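What follows is a single structure, written as structure tokens, with notes after it.
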Amino acid sequence: MPVSIGEKIQLNIDKIVYGGEGLGYYNDFAIFVPMSVPGDKVEIEIISKKKNYARGIITKLLEAGAERIDNERISFEDFHGCDFGMLNYEAQLKYKQELVRDVMEKIGGVKDVEILPIVGSDEIYNYRNKVIEPFAYGKNHEIITGMFQKRSHDVFQVKENMLSSKLSNKVINKAKEILNNEKRISVYNEIEHRGILRHIMTRTNSYNEAMVVLVVNLKKVTKDVEEFLSKLYNQVEEIKSVYVSLNTEKTNFALGKTMVHLFGEKTIKEEISGIHFNISPSSFFQINLGQTKKLYNIGISYFDNIKDKYIIDAFSGTGTIGMMLSKEAHKVYSIEIVKSAVEDGMKTAKENNIENMEFIIGDVNKEIEKLMSSGKKVDSIIFDPPRKGIEEKTLRDLTNHKIDEIVYISCNPSTFARDSKILIEEGYKLEKIQPVDMFPQTVQIEVVGKFSLIKS
Ligand SMILES: C[S@@+](CC[C@H](N)C(=O)[O-])C[C@H]1O[C@@H](n2cnc3c(N)ncnc32)[C@H](O)[C@@H]1O
């Protein structure tokens, strides 16, 4: 047996593979090492083993690869959300570009498509406008928040979360300061299903305003919780909106089903292309604003012509892309499954005098079919699904519906590649792909693709 669990070995890292882990060989046996860089010489501890490969975590960096940056804020084992944080930014972009080509070939079977050079982010730290951190007790029984460790549900705290907006860090630090001074509210323990404080969520915007959502294991808001949030609201002037999310379920989902609005506005706003969007706690909104503007402009520029067209914005969230399209299109149908996001969209449309949009609450995989079979005219569709992509039947039906033009935005190149293969089988040509780096310091990649129906 080449290696066993718990064994410490030395390894040279040869390359980064899809998923973002480094790969090295020990006596010809493949070993994956998270947070390693090509050229690294590392001592690792084997943490898991399968028939053909093993996985190890770095216990000592013996020699650093040329693309590694010296960043003491990143720990090898734990930095869950920052799996590319040890690479310099240029190298992050280079590997993301290569990973897109790789996955398009391996999963999509597409070799000849133009993949444009990835669009890098102006902000590479503190870009996240939405943050959710679990509560826990620290070593001295103080209340901490942070991230779950990779291999457990233990929470570890970092001095400063380098991806979160600076305002988020300020709000969360202040919340902990008040909670620790008063020690009136207990922290939730998921094993015993006891205690109150589960998560704190912040949303921030480019006007330096914040929304706070405190997730608690309670059936209704107690006086202690209300008093704590009132203090936080009064002590941080940037906080414009405060909610409590009641979550008494044994679940990994952070937010509960009941959301109680306590103080300030019900939504916070964000501006894109002159439109002021409303965002409530449960509505999806892209987390890196600067890159979102670039992403949307690229997606919209992929339509041959918008003027007078009937377009579906599928998986529309709060209706961002649809509203930008509505400036020129004849009509936009916006389809989204989360009710609060659709309500945010309707409010935004009203406030911005947008009258040529129809909002549909429902499942894209059913609603497109319903629209088409009721005889509605549709020229083009822009898809922006969650990570799992689009259902096969929905994609296969598009040819019957004679949709000439599809723009597909994806936060998961693997499912994008899978779906591209289906669209190509159905007679579409994948014209080009534009990767966009929405998530610096992480292995996550966003892509935009343009598909045109080949006319026979
Ligand atoms: C990646 S987000 C994109 C949202 C929007 N285009 C934006 O940029 O803000 C995907 C959205 O799809 C919604 N969604 C997920 N599954 C859905 C389904 N089956 N039908 C409709 N919407 C769905 C999610 O609630 C989320 O708002």
Side-chain angles (χ1 to χ4, degrees), residues 127-130 203 205-206 253-255 257 259 267-273 275-303 311-326 329 332-349 357-372 380-395 397-398 406-416 419 434 436 438-439 442 444-449:
Y127 59 82
R128 280 195 76 103
N129 60 21
K130 178 180 156 188
R203 294 192 101 134
N205 64 13
S206 54
F253 286 111
L255 296 185
K257 291 195 183 93
M259 198 65 80
T267 56
I268 59 167
K269 295 212 183 246
E270 191 53 272
E271 185 268 338
I272 299 177
S273 266
I275 304 169
H276 296 87
F277 293 96
N278 288 285
I279 311 164
S280 50
S282 313
S283 304
F284 178 91
F285 201 83
Q286 296 281 355
I287 52 127
N288 179 343
L289 182 69
Q291 289 305 91
T292 301
K293 292 179 180 173
K294 295 181 198 167
L295 177 79
Y296 288 168
N297 283 328
I298 292 163
I300 288 170
S301 75
Y302 279 11
F303 287 97
I311 303 177
I312 295 179
D313 175 11
F315 305 96
S316 55
T318 56
T320 40
I321 300 171
M323 275 183 240
M324 288 171 72
L325 287 167
S326 74
V332 177
Y333 297 99
S334 165
I335 310 176
E336 163 63 44
I337 207 157
V338 173
K339 191 166 165 241
S340 74
V342 178
E343 285 166 355
D344 288 348
M346 289 162 100
K347 189 170 171 221
T348 302
M357 271 184 87
E358 188 173 323
F359 291 89
I360 299 166
I361 305 176
D363 180 349
V364 160
N365 299 300
K366 298 197 177 90
E367 298 299 331
I368 291 183
E369 180 60 37
K370 264 201 233 162
L371 265 181
M372 306 299 301
S380 314
I381 302 184
I382 183 160
F383 286 105
D384 185 5
R387 291 186 62 76
K388 68 178 182 190
I390 306 169
E391 278 183 16
E392 182 172 344
K393 183 171 184 313
T394 305
L395 293 169
D397 285 350
L398 294 172
I406 294 165
V407 179
Y408 187 155
I409 299 181
S410 165
C411 55
N412 184 350
S414 305
T415 50
F416 175 81
D419 293 351
Q434 173 68 73
V436 179
M438 302 292 282
F439 314 104
T442 79
Q444 305 294 328
I445 315 172
E446 192 95 7
V447 291
V448 189

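Atoms within each ligand, like the ligands themselves, are counted from 1 in listed order. These numbers were taken from a predicted model, which means no experiment stands behind them.
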query: How would you list, by chain and number, every residue that makes a salt bridge (Lys or Arg N to Asp or Glu O under 4.0 Å) with Glu358, sequence neighbours excluded?
result: Lys331
Short N or O separations between ligand 1 and the protein, below 3.5 Å:
{"from": "ligand 1", "atom 1": "6 (N)", "to": "Phe315", "atom 2": "O", "distance (Å)": "3.1"}
{"from": "ligand 1", "atom 1": "6 (N)", "to": "Asp384", "atom 2": "OD2", "distance (Å)": "2.9"}
{"from": "ligand 1", "atom 1": "8 (O)", "to": "Gln286", "atom 2": "NE2", "distance (Å)": "3.3"}
{"from": "ligand 1", "atom 1": "8 (O)", "to": "Tyr296", "atom 2": "OH", "distance (Å)": "2.5"}
{"from": "ligand 1", "atom 1": "8 (O)", "to": "Asp384", "atom 2": "OD2", "distance (Å)": "3.1"}
{"from": "ligand 1", "atom 1": "9 (O)", "to": "Tyr296", "atom 2": "OH", "distance (Å)": "3.2"}
{"from": "ligand 1", "atom 1": "9 (O)", "to": "Thr320", "atom 2": "OG1", "distance (Å)": "3.4"}
{"from": "ligand 1", "atom 1": "19 (N)", "to": "Asp363", "atom 2": "OD1", "distance (Å)": "2.9"}
{"from": "ligand 1", "atom 1": "20 (N)", "to": "Val364", "atom 2": "N", "distance (Å)": "2.9"}
{"from": "ligand 1", "atom 1": "22 (N)", "to": "Ile337", "atom 2": "N", "distance (Å)": "3.2"}
{"from": "ligand 1", "atom 1": "25 (O)", "to": "Glu336", "atom 2": "OE2", "distance (Å)": "2.7"}
{"from": "ligand 1", "atom 1": "27 (O)", "to": "Glu336", "atom 2": "OE1", "distance (Å)": "2.7"}
{"from": "ligand 1", "atom 1": "27 (O)", "to": "Glu336", "atom 2": "OE2", "distance (Å)": "3.3"}

- prompt: Which pairs with one or both residues in residues 382-392 pass salt bridge (charged side-chain N to carboxylate O under 4.0 Å, His left out), sequence neighbours excluded?
  reply: Glu392-Arg396
- prompt: So, for Asn129 and Gln286, which heavy atoms are closest and what is the spacing to 0.1 Å?
  reply: ND2-O, 3.1 Å
- prompt: Of the options Val436, Ile272, Ile321, which is the one that meets Thr292 in a side chain to side chain contact (heavy atoms under 4.5 Å, CB included)?
  reply: Ile272
message: Once side chain to side chain contact (heavy atoms under 4.5 Å, CB included) is applied, do any residues pair with Lys370, and if so which ones, sequence neighbours excluded?
response: Glu367
query: Taking the inter-plane angle between the rings of Phe285 and Phe277 on a 0 to 90° scale, is it parallel (under 30°), tilted (30 to 60°) or perpendicular (over 60°)?
result: tilted
